[in-house]
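A short write-up of the structure that comes next.
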There are 2 protein chains.
Amino acid sequence: MSIDRRSGCPINLSLEVFGDRWSLIILRDMIFGGKRHFRDLLNGSLERIASNILADRLKRLMELGMLTRADDPTHKQKAIYSLTEMAITLVPILAYLGAWGRVWLPVSEELSIRAELLEKGGPPMWEKFMDELRHEHLGTPSDTPPDATVRASLQAGYEAVVARKAPGAGCDPDA
Amino acid sequence: MSIDRRSGCPINLSLEVFGDRWSLIILRDMIFGGKRHFRDLLNGSLERIASNILADRLKRLMELGMLTRADDPTHKQKAIYSLTEMAITLVPILAYLGAWGRVWLPVSEELSIRAELLEKGGPPMWEKFMDELRHEHLGTPSDTPPDATVRASLQAGYEAVVARKAPGAGCDPDA
DNA sequence: ACAACTGATTGCATTTTGCAATCAGTTGCA
DNA sequence: TGCAACTGATTGCAAAATGCAATCAGTTGT
């Protein structure tokens, strides 16, 4: 399951990295959902990835240099997956992809609010988000307080839509 | 082979449109290569798509609203495929994808020069390119002379690299 | 001691993919 | 008229990917 190298075209090579139905979904959940453990990714995504496919893609993304794996000090069997700089720089692509999908595809309102906020925020917001991800996954220093992160503001926007659509119902499957 | 709708997430829905190894390759060849016929797409791409897969993807992209098909007046069996606005607005995504691949993947110099020029040109160049595609595929008016198109300048850049790498050898498989 | 949870792995049926060969109709040329 | 080349596909088939359920060994909390 390694890279084919059908040609040296940048678009082709990019497709060989995440030209499948699951790799970008996993990266999305790590980037926007803050998921870092196998179980979180397995049970957290709306698209219900199978455990063998998740294991395969995590392995593949590590081989490609998009993820790294480390032991979790709180649990001897637990592994923490981290994004590499290579994966973090996908943020603008995900932002554009979300913006495009929001225009042309039958997206649901509550799931597209994040894409809308990210599009409205533009490149400055993407840069801020990438810096937060670098802090979170690569350990680089950051001066953003935990309650003022881009991810928190995206999540707040999501919850506002959910609350408006179902007032009083306190259920949040994505929390 | 229609859309799954695993979830209403914009990124997921986008992946269901071109989360495979061939759909974006076909769109790339139509957008950057100017290919509009089955045979051009079949023989023109470096990645050697099989004819049944090409037929399947063309059909699928039409069902999804990314392409339209029309009869070619010069040949009763010939079909001309056109990009829709939905497909034309992928240009920024392809630009970002090419830029990302150029940084992180083992691209070849002659095939990545187009991505580099497109990245350097930025959003203004993308807009100009999209206008040219609208003129070419949707018949909208345009005042750009045929020799000053974005595609022509990308092609010129490509040929300059090829000429520099193999001076005197007049072969150009992409012409 | 024991149930729940950790990151996986295995087996298996179904689906998708990719390659080679082939198709019928159209065109250009001798 | 005859025939080769070209048009957009389609078919058969082997290989690969997918998705589901069951299972695994080790760890943790009670």
Side-chain angles (χ1 to χ4, degrees), chain A residues 1-7 12 15-26 29-30 33-64 67-82, chain B residues 1-7 12 15-26 29-30 33 35-64 66-82:
Chain A
M1 238 277 200
S2 65
I3 210 160
D4 281 13
R5 305 274 241 113
R6 300 181 297 191
S7 85
N12 173 58
L15 272 185
E16 294 188 11
V17 170
F18 37 73
D20 74 279
R21 289 170 111 66
W22 292 112
S23 298
L24 261 195
I25 293 288
I26 294 169
D29 286 343
M30 292 188 69
K35 309 283 170 62
R36 315 227 13 204
H37 299 285
F38 189 94
R39 234 50 178 192
D40 293 340
L41 290 163
L42 186 62
N43 302 322
S45 87
L46 296 159
E47 291 86 8
R48 313 265 66 193
I49 189 170
S51 64
N52 56 345
I53 296 177
L54 175 58
D56 179 84
R57 292 304 188 279
L58 287 173
K59 195 173 128 205
R60 184 164 188 270
L61 289 170
M62 282 192 286
E63 286 168 1
L64 290 168
L67 300 179
T68 56
R69 203 193 113 117
D71 292 334
D72 186 329
T74 72
H75 190 303
K76 279 184 183 167
Q77 254 185 335
K78 223 164 177 174
I80 300 186
Y81 294 92
S82 297
Chain B
M1 239 273 204
S2 66
I3 211 160
D4 281 14
R5 304 273 241 115
R6 301 182 297 189
S7 85
N12 173 58
L15 272 185
E16 295 188 11
V17 171
F18 37 73
D20 75 278
R21 289 169 111 66
W22 292 111
S23 297
L24 261 194
I25 293 289
I26 294 170
D29 287 343
M30 291 188 70
K35 309 284 170 62
R36 317 239 354 215
H37 298 285
F38 190 94
R39 232 56 179 188
D40 293 340
L41 290 163
L42 185 63
N43 301 323
S45 87
L46 295 159
E47 291 86 9
R48 313 264 65 195
I49 189 169
S51 64
N52 56 342
I53 298 177
L54 176 59
D56 179 83
R57 292 306 188 281
L58 286 173
K59 193 173 131 206
R60 183 164 188 270
L61 288 170
M62 282 191 286
E63 285 168 1
L64 290 167
M66 309 271 285
L67 299 180
T68 56
R69 202 192 114 117
D71 292 335
D72 186 328
T74 70
H75 188 304
K76 279 184 184 167
Q77 255 185 335
K78 221 163 178 174
I80 300 186
Y81 294 92
S82 297

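Lettering follows sequence order; numbering is per chain, from 1.
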Separation of atom [atom1] in [X] from atom [atom2] in [N], rounded to whole Å:
X	N	atom1	atom2	value
A/D56	D/dC20	CG	C1'	16 Å
A/L42	D/dA21	CG	C1'	13 Å
B/L67	D/dG8	CG	P	14 Å
B/N43	D/dC6	CG	P	10 Å
B/E16	D/dT18	CD	P	14 Å
B/K78	D/dA5	NZ	P	17 Å
B/R36	D/dG8	CZ	P	13 Å
A/R60	D/dA17	CZ	P	9 Å

Q | Test side chain to side chain contact (heavy atoms under 4.5 Å, CB included) applied to A/L42 and A/R39, step by step | A | CA-CA 5 Å; A/L42 186 62; A/R39 234 50 178 192; 4.3 Å; yes

Q: Tell me which of B/Q77 and B/N52 sits closer to the 5' end of DNA chain C, going by the nucleotide each one is nearest to.
A: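 Of the two residues, B/N52 wins.
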
**Q.** Toward the 5' end of DNA chain C, by each residue's nearest nucleotide, B/I49 or A/R39
**A.** A/R39

Q: Determine the contact category for A/R6: base if any of its heavy atoms lies under 4.0 Å from a base atom, sugar-phosphate if only primed atoms, P, OP1 or OP2 are that close, otherwise nothing.
A: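 No contact.
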
(Q) Does A/R48 reach a base, just sugar-phosphate, or nothing at all? Heavy atoms under 4.0 Å. (A) nothing

Q: Can you measure from CD1 (A/I25) to CD1 (A/I49) and round to the nearest 0.5 angstrom?
A: 8.5 Å

Q: Would you check if the side chain of B/R57 reaches a backbone N or O of B/N52 as a donor-acceptor pair within less than 3.5 Å?
A: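 Answer holds: no.
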
Q) Quick one: does A/R60's side chain have a donor or acceptor within less than 3.5 Å of a partner on A/V17's backbone? A) yes

Q.
Of the listed nucleotides (D/dC20, C/dG7, D/dA21), which one gets closest to any side-chain atom of A/A50?
A.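 So the nucleotide nearest the side chain must be D/dC20.
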
Q | Closest to side chain of B/I53, choosing from D/dT10, C/dG18, D/dT28 | A | C/dG18

Q. What residue among A/D72, A/L67, A/L41, A/I80 forms side chain to side chain contact (heavy atoms under 4.5 Å, CB included) with A/R36?
A. A/I80

Under 4.0 Å between a side-chain N or O of [X] and OP1 or OP2 of [N]?
X	N	value
B/H37	D/dG8	yes
A/W22	D/dG19	yes
A/R57	D/dT18	yes

